[in-house]
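Here is the structure we will look at.
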There are 2 protein chains.
Amino acid sequence: MSADSGTVEGVRQRNLSRLLRLVHRSGPLSRASLTEATGLNRSTIAGLVMELVTAGLVEERAPESSRRVGRPSPIVAAHPAVVAIAANPEVDAIEIAAVGLDQRLHARVRLPQSSVITPLRTAELIAEQITRWRSAELATADIVGIGLAVPGLVRAVDGLVREAPHLGWIDEPVRDLVAQATGMVTSVGNDASLGALAEHLYGAAVGIDDVVYLNGGASGIGGGLIVHGTPVGGVGGYAGEFGQNRPGIAASADQRAPDGVLEDEVSRGRLLEAVGLGQADDAELAEALDRATATAARDEVERQRRILATALSNAVNVLNPAVVVLGGFLAILAERDLPGLEAAVRAQSMPACGEDLRIVPAALAEDRLLIGAAEVVFTDLITNRLTDRLSSGLVLQG
Amino acid sequence: MSADSGTVEGVRQRNLSRLLRLVHRSGPLSRASLTEATGLNRSTIAGLVMELVTAGLVEERAPESSRRVGRPSPIVAAHPAVVAIAANPEVDAIEIAAVGLDQRLHARVRLPQSSVITPLRTAELIAEQITRWRSAELATADIVGIGLAVPGLVRAVDGLVREAPHLGWIDEPVRDLVAQATGMVTSVGNDASLGALAEHLYGAAVGIDDVVYLNGGASGIGGGLIVHGTPVGGVGGYAGEFGQNRPGIAASADQRAPDGVLEDEVSRGRLLEAVGLGQADDAELAEALDRATATAARDEVERQRRILATALSNAVNVLNPAVVVLGGFLAILAERDLPGLEAAVRAQSMPACGEDLRIVPAALAEDRLLIGAAEVVFTDLITNRLTDRLSSGLVLQG
DNA sequence: GGGGATTGGTGGTCAAGACCAACAAATAGG
DNA sequence: CCTATTTGTTGGTCTTGACCACCAATCCCC
């Protein structure tokens with residue numbers, strides 16, 4: 001409301017946002033490159049940067065030796081003290097991290113839990129961890145908000161966790177609980193959607209505006225969409241649930257679960273079973289699959305790849321993405337023969353849709369969920385909460 | 001380039017666009033309601049409206065008797081002379097219309113063709129029709145561009161028709177051909193995507209930001225997506241090809257085409273066959289289905305509805321739309337028991353995704369394709385080409 | 001070490017656009 | 001006919017950014 005988009009003051013807001021977004025996403029940039037990227041005047045850039053510096057959001061550093069003619073341009077970087085707290089509650093543990101506006105991971109802990117974590121306990125643990133960090137790693141930090149990645153359906157409007165089967169949560173007002181416990185602005189999102197966001201911004205799909213992301217975890221298959229460069233939520237914010245789709249299965253012999261959904265057929269559990277493992281992490285699973293000589297194991301891999309290919313084709317036909325990013329055990333399945341999978345998907349898609357398509361494994365490690373959760377906080381800060389940070393520079397008038 | 005988004009001049013551009021978009025989409029509005037809708041100052045609105053009036057894009061009319069206290073506010077309406085030409089080439093005919101910025105259909109013809117129309121012939125026919133109209137219905141009209149709705153895959157960047165199986169077109173530079181023949185700005189889009197756009201703006205999904213649209217025609221099933229209130233194209237612009245998806249079919253007895261795609265199973269042809277008709281339009285088909293007593297016909301309807309429900313569920317899980325709009329024979333299938341179809345879709349979707357979902361038949365008649373095609377022209381005009389229309393009002397300074 | 005090139009800093013001017021306040025116009029209702 | 005209310009109209013103000021000129025800083029290359 002205060003930053004009317006139609007008014008002249010709004011221009012400055014937008015330009016400040018553009019600048020901050022640039023240095024946040026692209027990393028440290030010289031002032032010269034900022035003028036080039038934005039098309040604004042040198043003096044304008046100088047003023048905008050100064051405002052961001054005084055707001056404590058950005059830092060200017062001595063220029064690097066650029067190996068170029070001319071006066072070196074100072075480097076503008078995100079202020080290292082600005083951080084967001086990201087958290088990811090799981091069945092057996094909760095992971096909490098402090099992610100910097102400069103894309104650095106300032107701190108990170110994994111707090112194992114003896115029993116399944118509750119929403120209230122989640123809020124408590126986050127609050128405790130923040131106070132602990134505040135007197136140590138984050139003593140000088142400027143915490144701008146909290147982002148949660150929850151393995152379940154999250155209603156976008158109010159951060160209510162509708163259902164997190166893995167955690168046993170139903171209709172839990174997680175956002176409000178955490179906000180109350182910490183007194184900080186909090187946002188909650190679906191873990192897979194946040195993974196998609198992270199891969200889009202910093203991972204395997206950087207610069208790609210149309211992305212389909214599927215992640216294979218122990219509990220099933222989740223996913224997220226990027227359309228026009230922005231994450232897709234749908235009305236409720238529940239979009240991306242590829243795992244619940246009913247896949248077309250060409251050969252009926254390939255079907256294991258009658259009337260089952262994708263994650264019943266393409267599952268980590270079935271892969272573990274096929275190689276005779278009880279529990280294993282992704283690396284162990286990949287290795288076991290590499291070693292496996294039994295035809296049963298290989299057949300299971302091929303079966304799952306066939307079904308996955310059809311499921312991906314359906315998504316490709318509808319969304320025509322430039323890139324499909326696969327994470328978790330789906331990446332393992334894919335990487336056993338990436339061109340083969342691409343070919344299989346192309347064969348079942350509209351030819352034109354297949355042309356521009358690339359299938360790639362996820363590039364970010366497990367902290368992609370935390371990065372994505374933090375990113376939501378930063379996006380909110382940059383686009384909506386900038387005005388509040390820009391303290392009164394109006395004294396000059398007197 | 002000229003209208004930098006970060007500069008002050010861009011503000012006026014955006015405000016002019018907002019105003020014009022409002023009167024175009026919402027119809028005639030009083031100046032008072034424009035100030036309320038935009039939050040801009042009265043005097044600002046006056047200036048903006050005047051600029052649009054002098055540009056010939058908008059008209060001011062005497063105020064209506066508002067039955068309210070106070071000075072009556074003049075009505076701002078889209079200028080009735082501003083029109084876009086919309087065309088829709090089909091197998092046996094080409095349909096051409098002149099759609100007004102005021103949402104009126106100024107003129108419309110259907111030109112039957114003895115043989116399948118070629119791209120070149122399409123361009124010629126459009127050009128001829130325009131010259132014909134120019135000396136009659138559109139004598140005083142201000143034609144701002146041409147929009148084509150093509151039943152096939154259209155590459156977004158250059159308007160190349162990659163493949164229109166129905167017309168036998170492959171890699172035809174339709175946009176350039178039409179632009180050359182007419183000398184006018186031309187845009188080309190997939191017919192179903194344009195139908196989705198029309199339903200979103202003026203039809204069954206007005207005000208809904210997340211829409212899935214499926215249209216059942218004689219040649220198959222096409223579709224379009226609206227996400228965040230804007231049409232989704234994907235990288236190439238081929239998004240929305242639901243018909244090529246491989247549906248999950250729960251009961252193998254329901255399968256007719258082995259390894260077939262959705263439009264092989266759910267098809268107008270199979271319905272006609274089931275009721276023993278050779279050719280029929282949608283009304284006749286609906287009536288025949290109503291009359292049909294043979295269990296074979298009813299079974300076929302139920303079979304197609306089952307498969308359609310699964311296909312819709314898949315889309316609902318991934319996109320979490322607020323509304324699914326069904327057109328063509330899919331509307332006939334759906335309307336035989338709309339709550340039943342909704343229930344079937346809900347049963348196969350994530351519960352949360354199903355909650356906010358409504359399934360509705362398309363509200364616009366067959367001209368929805370033409371409306372959508374014209375809309376693309378208007379959107380381009382409003383967002384990109386406004387600058388060119390605003391002729392030099394700089395004389396006042398002297 | 002000097003010349004050329006690029007960029008930052010400062011100070012000032014200029015144009016553009018939106019806002020604001022006061023006034024005029026037009027209407028309903030008494 | 002008069003008043004209250006709403007809205008158009010007008011002229012002035014404020015903020016913002018562009019542009020310019022000049023100087024200083026720093027680097028590459030000769």
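By convention in this document, chain letters (A, B, ...) are assigned in the order of the sequence lines, proteins followed by strands, and residues within each chain are numbered from 1. What you are looking at is a predicted structure, and each value in this text was computed from that prediction instead of being measured.
- Considering only side-chain atoms of B/Val11, the nucleotide from D/dT7, D/dA18, C/dG17 that sits closest is C/dG17.
- Among residues two or more places apart in sequence or in another chain, the salt bridge (charged side-chain N to carboxylate O under 4.0 Å, His left out) test is passed with B/Arg12 by B/Glu51.
- In the set D/dA18, C/dG17, C/dG8, C/dG8 carries the atom at the smallest distance from any side-chain atom of A/Ser73.
- The CG-P distance, from A/Leu48 to D/dT15, rounds to 17 Å in whole Å.
- Remark: P of D/dG8 and CG of B/Leu34 are 9 Å apart, rounded to the nearest angstrom.
- For C/dG17, the base has no donor-acceptor partner in the side chain of B/Arg12 [N/O atoms by modelled type, under 3.5 angstrom].
- What separates CD of B/Glu51 from C1' of C/dA18 is a distance of 13 Å, to the nearest Å.
- Put simply, CZ on A/Arg42 is 13 Å from P on D/dA18, counting in whole angstrom units.
- Contacts classified as ring pair (Phe, Tyr, Trp, His ring centres under 6.0 Å) and involving residues 30-58 of chain B (residues at least two apart or in different chains) are not found.
- Counting any heavy atom pair closer than 4.0 Å across all strands shown, B/Ser43 reaches a base atom.
- Under the salt bridge (charged side-chain N to carboxylate O under 4.0 Å, His left out) criterion, A/Asp209 pairs with no residue at all, not counting sequence neighbours.
- Without hydrogens or angle criteria, A/His228 side chain to A/Thr230 main chain gives no donor-acceptor distance under 3.5 Å.
- One can place CE of A/Met50 at 12 Å from P of D/dG17, the figure rounded to the nearest angstrom.
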Restricting both atoms to N or O, compile the protein contacts to nucleotides 3-6 of chain C shorter than 3.5 Å, with distance only.
| residue | atom | partner | partner atom | Å |
| --- | --- | --- | --- | --- |
| C/dT6 | O2 | A/Arg71 | N | 2.4 |

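- Between the CD1 atom of A/Ile75 and the P atom of C/dG8 there is a distance of 10 Å, given to the nearest Å.
- Regarding contacts with the backbone of C/dA18, a side-chain N or O of B/Asn15 is found under 4.0 angstrom from either OP1 or OP2.
- Qualifying salt bridge (charged side-chain N to carboxylate O under 4.0 Å, His left out) partners for B/Asp158, counting only residues two or more places apart in sequence or in other chains: B/Arg155.
- Distance, B/Leu19 CG to C/dG17 P: 14 Å, rounded to whole Å.
- The distance between atom CD of A/Gln13 and atom C1' of D/dG17, rounded to the nearest whole Å, is 15 Å.
- Distances were taken from every side-chain heavy atom of A/Thr44 (C-beta onward) to each of D/dG17, D/dT9, C/dC19; the shortest belongs to D/dG17.
- With sequence neighbours left out, the side chain to side chain contact (heavy atoms under 4.5 Å, CB included) criterion links A/Leu201 to A/Arg25, A/Leu197, A/Glu375.
- Checked by atom type and distance alone, the side chain of B/His106 pairs as donor or acceptor with a backbone atom of B/Pro80 at under 3.5 Å.
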